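All remarks here apply to the structure that follows.
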Amino acid sequence: MYSVCGNMVSARQLFDGSPVVDSVSWNSILAGYIRGGDSEEALAIFSRMPERNTIASNSMIALLARERRPRDARNLFEKMPVRDVVSWSAIISCFDQNEMHGEALEMFALMNSDGVPVDEVVLVSVLSASASLVAAKEGELVHGLATKTGIDSYLNLNNALINMYSSCFNIPAARRLFDSGLHLDQISANSMLSGYLKCRLIDDAREFFDSMPQKDAVSWSTMVSGYAQNNLFSETLALFQVMQLREFSPDEAALVSVLSACAHLVALKQGKWVHTYIRRHGLVINPILGTTLIDMYMKCGCVEEAVEVFNGIKEKGISSWNAVIIGLATNGMATEALEKFSEMKKLGLAPNEVTFVGVLAACRYLGSVAEGRRFFDSMLEEHKIEPNLRHYGCLVDLLGRAGLLREAEELIERMPMAPDKHGNLEMGERVSRRLIELEPCHDGAHVLLSNLYASSGRWEEAVEVRARMREKKVTKIPGCSLVEAGGTVHEFFAGDGSHPQMRDIERVLNEVARRMRLEGLQPDTSGVHLDIDSEEKETSLHRHSEKLAMAFGLISIPTPTPIRVVKNLRICGDCHLAAKAISRIFQREIVVRDRHLHHHFKGGECSCGDYW
DNA sequence: AGCTGGCACG
């Protein structure tokens, strides 16, 4: 009774006081701890049990799954003398929920070869794993199995099927199930919506979303985050406004996408609003939300606020550490970034490959060749992490900067890496091939595929993809800069004169050029690859998007607020020169975030020390 | 006793 009511203290007193403990008592006390989620006590009781029945073991596996302890669950599973379909189902779902999708599918294969008959519940977990792996073939096999065994009218299974086809970019198959008069619910519709978004079919997604008879918080959140993942950040923020007008309170997951949009748009005002919202509503800053919040502040150049958020997070995940390390490194505080890294290691946290992108970026920034090499070598030796293209890129850059060109070349020679037969490459290849099919001119997918081949040593195929890009005239990304002023994000493209305040911008740019000439500062035309004479070069430099954005910031952001600009490409030498001049002449702090790092301009100097 | 949808750092 005590155990069922959750009063484990009284239950335990009775249990410990009993002279004879029968198997019912053992099972009751165990069930009490499992229900309460007390895995330590549950495991202790479990290990003392004279006879462990299958039901108790099955529930233990499920508990360990929730506690993110798949290794312990596997050990327990392997020690079981008798396993039924629920045991298999529990271990498969455990792997699936702990991002071990491949292991989940392997377990399912073992289950089949053991001759254990499947039921509808285990198929749901197998389909979930197939969806995560974008394993269309496996998914279809499971679908066939479900049809053959006649268990295809189970709601969760239908939803898992729709989700699997959606995740594997097979919209027609998902839609057939959705339209075929099966028993469906809100989850079915949300999975369908998510499928359109994964396929980048934004207009179809929006049409489907608008036509949904019922929308719950997940529907809104799916659409909002779908915009963000397709780089439609203004749409993300706009739909988020509508979501709130409809009185859907955003939860942690929705806010993550909104913050990520704010980070991309340097929309600091909206980002701060979200932070306040989180505090006011007492939302828990989970590791993902914390990471995104840190990243938003870091991407806006607000290092202090980012570190404050980081310090306030109770449960710091590895990604929170990564966000702070990368943020410090890109904001010109490389020494602090490396300090954070050693602090993290002291706490016994294992770095991952993202951590090392930050660590190596810090070394590149500092120009510390020996340290960079040491960290690079420690990846494989100490942490069993295979360096990827980004890590190599960082080290090559670092060596190149130090003038060690021969070493840099050698590194490129021995770069990657045997084609890996399992996991990421195959999955990445499936995903990018499908995206290219859906959207032949999408440059991101081509670049992704090409990088994938390159990173696994399949150079010829990488080159082939690049050639196809040229053939299809996949568009190059134009230079684009954003600046927030008065709560609105303004967008400028290179050479773009369409802004309503263009005359004022022009006036400011001419004034900047005049003041720079007075001080004998020559424009730096080396970064311009246009076939025009030098006078025109100077004019075209005026039109660089970051310069337009900075000039607009000067006239529309009141002092002493810093001007925060984000550029999608790297800042050019001349704009860098101009930014330094502006920061001194006009006494304005400027932060320009480019593809690689943040440039903090103050009093005529840049935090990057003129190397970027 | 086991199961399905939206989420971040490169």
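Chain identifiers are assigned alphabetically (A, B, ...) following the order of the sequence lines, protein sequences preceding nucleic acid strands; residue numbering begins at 1 within each chain. None of these values were measured; they are calculated from a predicted model.
Applying the side-chain hydrogen bond (donor to acceptor under 3.5 Å, both in side chains) test to A:H143 and every residue at least two apart in sequence or in another chain returns A:Y165. Partners of A:H596 by side-chain hydrogen bond (donor to acceptor under 3.5 Å, both in side chains), not counting sequence neighbours, listed by chain and number: A:R570. Scored by the salt bridge (Lys or Arg N to Asp or Glu O under 4.0 Å) test, A:R390 finds no partners at all (sequence neighbours excluded). In this structure A:R364 satisfies the salt bridge (Lys or Arg N to Asp or Glu O under 4.0 Å) test together with A:D397, sequence neighbours excluded. Legend: residues meeting salt bridge (Lys or Arg N to Asp or Glu O under 4.0 Å) with A:D594, ordered by chain and number and at least two apart, are absent.
Among pairs with a residue in residues 208-233 of chain A, those fulfilling salt bridge (charged side-chain N to carboxylate O under 4.0 Å, His left out) read A:R206-A:D210, at least two apart in sequence or across chains.
Within 4.0 Å (heavy atoms only), A:A160 reaches no atom of the nucleic acid at all. Here A:Y154 lies in heavy-atom contact (under 4.0 Å) with a base. At a threshold of 4.0 angstrom between heavy atoms, the contacts of A:K215 with the nucleic acid are absent. Residue-level contact check: A:D119 touches the bases, meaning some heavy atom is under 4.0 Å from a base atom. Base engagement by A:D251 is indicated by at least one non-hydrogen atom pair under 4.0 Å involving a base atom. Across all strands shown, A:V85 has heavy atoms under 4.0 Å from base atoms, whether or not it also approaches the sugar-phosphate. In this structure, A:N158 reaches neither bases nor backbone, as no heavy-atom distance under 4.0 Å exists between it and the strands shown.
In the set B:dA8, B:dG6, B:dC3, B:dA8 carries the atom at the smallest distance from any side-chain atom of A:T292. Between B:dA8, B:dG10, B:dG6, one nucleotide has an atom nearer to the side chain of A:T222 than all others, and that is B:dG6. The side chain of A:I187 sits closest to B:dT4 out of B:dA8, B:dG6, B:dT4. Distances were taken from every side-chain heavy atom of A:T291 (C-beta onward) to each of B:dT4, B:dG2, B:dA8; the shortest belongs to B:dA8. Taking the side chain of A:A254 as heavy atoms from C-beta on, and the options B:dG2, B:dG6, B:dA1, the nearest nucleotide is B:dG6. In the set B:dG10, B:dG6, B:dA1, the nucleotide with an atom closest to the side chain of A:S59 is B:dA1. Considering only the side chain of A:V256, B:dC7 comes nearest among B:dC7, B:dA1, B:dG10. Set against B:dG10, B:dG6, B:dC7, the side chain of A:V218 has B:dG6 as its closest nucleotide. Nearest nucleotide to the A:K299 side chain, out of B:dG10, B:dA1, B:dG6: B:dG10. Out of B:dC7, B:dT4, B:dG10, the shortest distance to the side chain of A:I288 is found at B:dC7.
With rounding to whole Å, A:L145 atom CG is found 16 Å from B:dC3 atom C1'. The distance from atom CZ of A:F209 to atom C1' of B:dG6 is 11 Å, rounded to the nearest whole Å. Per the geometry, CD1 belonging to A:I91 stands 18 Å off P belonging to B:dA1, to the nearest Å. Across the protein-nucleic acid pair, A:F248 atom CZ and B:dG6 atom C1' stand 13 Å apart, rounded to whole Å. One interatomic measurement links the two molecules: CE of A:M111 to P of B:dG2, which rounds to 15 Å at whole-angstrom precision. Regarding A:I285, its CD1 atom lies at a distance of 15 Å from the C1' atom of B:dC7, rounded to whole Å. Look at CG on A:L127: it is 19 Å from P on B:dG2, rounded to the nearest Å. Rounded to whole Å, the distance from CD1 on A:I294 to C1' on B:dA8 is 10 Å.
Residue A:L161 is tested with A:V124, A:L127, A:L182 for a side chain to side chain contact (heavy atoms under 4.5 Å, CB included); the sole match is A:L127.
The shortest distance between the side-chain N/O atoms of A:Q229 and the OP1/OP2 oxygens of B:dG6 is not below 4.0 Å. Residue A:Q97 places at least one side-chain N or O under 4.0 Å from the OP1 or OP2 atom of B:dC3.
Contacts between residues 315-334 of chain A and DNA chain B, defined by a heavy-atom separation under 4.0 Å, are made by A:S319, A:N322, A:I326. A heavy-atom distance below 4.0 Å to DNA chain B is reached by none of the residues of residues 236-243 of chain A.
No side-chain donor from either of A:S166 and A:N163 sits under 3.5 Å from a side-chain acceptor of the other.
The base of B:dG2 lies close enough to the side chain of A:S89 for a donor and an acceptor atom to sit less than 3.5 Å apart. Judged by distance alone with a 3.5 Å cut-off, a donor-acceptor contact links the side chain of A:S221 to the base of B:dG6.
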Subject >> Audit row: A:W220, A:F240, ring pair (Phe, Tyr, Trp, His ring centres under 6.0 Å) steps and yes/no >> reply: CA-CA 8 Å; A:W220 284 92; A:F240 179 65; 10.0 Å; no

**OP:** Dump the intermediate steps for side chain to side chain contact (heavy atoms under 4.5 Å, CB included) on A:L110 and A:W88, then the final yes or no.
**Re:** CA-CA 9 Å; A:L110 277 178; A:W88 286 98; 3.9 Å; yes

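Using cut-offs of 30° and 60° for the angle between ring planes, the A:F356 and A:H383 rings count as tilted.
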For residues 292-300 of chain A, please give each side-chain donor-acceptor pair under 3.5 Å, one per line with the distance, not counting sequence neighbours.
from	atom 1	to	atom 2	distance (Å)
A:T292	OG1	A:I288	O	2.7
A:D295	OD1	A:K299	NZ	3.0
A:D295	OD2	A:K299	NZ	2.9
A:Y297	OH	A:H275	ND1	2.8

